[in-house]
Amino acid sequence: MRIATWNINSLRARMERVLAFLERHDVDVLALQEIKAKPEQLDLTLLQEAGYEVSAHGLNQWNGVALISRVGLRDVRTELPAVPTWPEDESGVIEARALSGVVGDGLRIWSLYVPNGRELDHPHYAYKLRWLEALRAEGQRDLAADPQARTVLVGDFNVAPEDDDVWDMAFFDGKTHVTEPERAAFQAVVGAGYADLVRPDHPGPGIYTYWDYQALRFPKKEGMRIDFLLGSPAVQAAVRESFIDREERKGKGASDHAPVVVDLEF
DNA sequence: ATGGTCGGTCTCCGA
């Protein structure tokens, strides 16, 4: 089974790229983030004609996650029960950051869009840390209930876990994505039993999944590795290969993130 | 100048 994650930065703007990506790489299950649409705004005709089922969770123009699957999509859940909703106060913004389904022979895949954090002194940063902690707690509970569970936590984590995961640490001094608390929160999810399925096959610096639209970051190879597929032990043992589709970042109409693909054989 | 760009509720905001 070939699974993938991709921050699409608007599904409506890139539906044809999604379809071409699925068919080019023969992808079975794709988790999307930042679909920036409510489900009723999506025209899913082409995907359905290509044999895919779709579940989308979007509440407004921000955020939004989706699952696209050709191997059956069932037991769909929106939002981790323990994950707090931003904000608890007056802004009225409603978030849609997590969606899961069971695909194929009992693989649960979560499509996750971790809060960005904005600035270190912004309330959104504390929200990001709380959100990651809630994810860790939920993931740990699930594995305690069934250590053999086939679970993947995939998506845009908005954290670069190691110095090698950004092009220049000096640039990120005082910025989000690389701070010790964010990295600790990410490692806590890993420590709960969900290992990075891609990194072992792609070591060293310069392995990125995101390049800012601004400042010619892509041609200058100045990116970040912030999109991950994390898997429970049963999934880790099933990994056969993985790759980042850098080609998808090229050309007019690209998302600012590249898809990440993992092959599993249970 | 660590700039330059995207998408969407579009002359602002969030990323």
Side-chain angles (χ1 to χ4, degrees), chain A residues 5-19 21 31-43 56-66 85-87 89-98 111-129 131-132 154-161 163-179 182 186 205-206 208-228 245-260:
Chain A
T5 185
W6 191 6
N7 180 322
I8 195 64
N9 185 19
S10 171
L11 180 50
R12 282 174 292 176
R14 267 173 271 287
M15 190 62 83
E16 289 182 7
R17 271 189 180 254
V18 168
L19 194 61
F21 165 75
L32 295 172
Q33 301 84 39
E34 282 203 84
I35 65 170
K36 292 187 172 179
K38 303 172 189 175
E40 62 267 27
Q41 294 176 304
L42 300 172
D43 181 355
H57 178 36
L59 299 172
N60 52 36
Q61 79 274 36
W62 309 122
N63 314 319
V65 286
T85 298
W86 163 266
D89 55 21
E90 68 279 359
S91 97
V93 174
I94 299 172
E95 305 245 280
R97 294 187 173 275
S111 181
L112 305 171
Y113 181 52
V114 175
N116 174 284
R118 302 184 187 174
E119 309 290 337
L120 298 190
D121 57 358
H122 193 285
H124 205 266
Y125 178 77
Y127 165 57
K128 178 182 194 173
L129 296 178
W131 203 97
L132 282 166
V154 314
D156 179 355
F157 283 73
N158 272 313
V159 177
D163 291 358
D164 273 354
D165 296 327
V166 298
W167 81 90
D168 178 11
M169 277 299 290
F171 177 80
F172 289 92
D173 189 28
K175 294 188 174 73
T176 60
H177 291 57
V178 301
T179 65
E182 289 167 281
F186 180 90
Y208 304 135
T209 65
Y210 162 83
W211 300 259
D212 199 320
Y213 285 127
Q214 299 186 66
L216 300 175
R217 294 290 180 221
F218 185 66
K220 287 156 72 175
K221 304 186 189 306
E222 295 176 341
M224 307 173 74
R225 198 172 73 96
I226 56 177
D227 299 272
F228 299 94
D245 185 11
R246 276 187 81 263
E247 293 298 308
E248 191 51 63
R249 182 61 180 80
K250 296 179 179 176
K252 190 172 170 59
S255 169
D256 42 1
H257 294 249
V260 188

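All chains are named by letter (A, B, ...) in the order of the sequence lines, taking the proteins before the strands, and each is independently numbered beginning at 1. Worth knowing before you read on, the calculation uses all heavy atoms, side chains too, and leaves out hydrogens, waters and symmetry mates.
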Name the atoms and distances for all side-chain donor-acceptor pairs under 3.5 Å in residues 113-123 of chain A, with sequence neighbours left out.
from: Y113(A); atom 1: OH; to: E34(A); atom 2: OE2; distance (Å): 3.4
from: N116(A); atom 1: OD1; to: R118(A); atom 2: N; distance (Å): 2.7
from: H122(A); atom 1: ND1; to: H124(A); atom 2: N; distance (Å): 2.8

Name every donor-acceptor pair, under 3.5 Å, that has one atom in a side chain of residues 8-15 of chain A and the other anywhere in the protein, sequence neighbours excluded.
from: N9(A); atom 1: OD1; to: K36(A); atom 2: NZ; distance (Å): 2.8
from: N9(A); atom 1: ND2; to: Y213(A); atom 2: OH; distance (Å): 3.1
from: S10(A); atom 1: OG; to: A13(A); atom 2: N; distance (Å): 3.1
from: R12(A); atom 1: NH2; to: K36(A); atom 2: O; distance (Å): 3.0
from: R14(A); atom 1: NE; to: I8(A); atom 2: O; distance (Å): 2.7
from: R14(A); atom 1: NH1; to: G253(A); atom 2: O; distance (Å): 3.0
from: R14(A); atom 1: NH1; to: A254(A); atom 2: O; distance (Å): 3.4
from: R14(A); atom 1: NH2; to: N9(A); atom 2: O; distance (Å): 2.5

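N60(A) comes within 4.0 angstrom of a base, heavy atoms only. Counting any heavy atom pair closer than 4.0 Å across all strands shown, K175(A) reaches no nucleic acid atom. Residue Y210(A) is out of contact with every strand shown, counting any heavy-atom pair closer than 4.0 Å. At a threshold of 4.0 angstrom between heavy atoms, the contacts of D212(A) with the nucleic acid are absent. Among the atoms of the strands shown, none is found under 4.0 Å from any heavy atom of D256(A).
Nucleotides dG7(B) and dT2(B), compared at atom C1', are 24 Å apart to the nearest Å.
Note that K220(A) lies outside the cation-pi zone of F218(A), set by a 6.0 Å cut-off to the ring centre and a 45° limit from the axis.
Candidate nucleotides dG4(B), dT9(B), dG14(B) were compared by shortest atom distance to the side chain of R12(A), and dT9(B) ranks first.
To the nearest 0.5 Å, atom OH of residue Y208(A) and atom CG of residue D165(A) are 8.0 Å apart.
Not one side-chain nitrogen or oxygen of R217(A) sits closer than 4.0 Å to the OP1 or OP2 atom of dT2(B).
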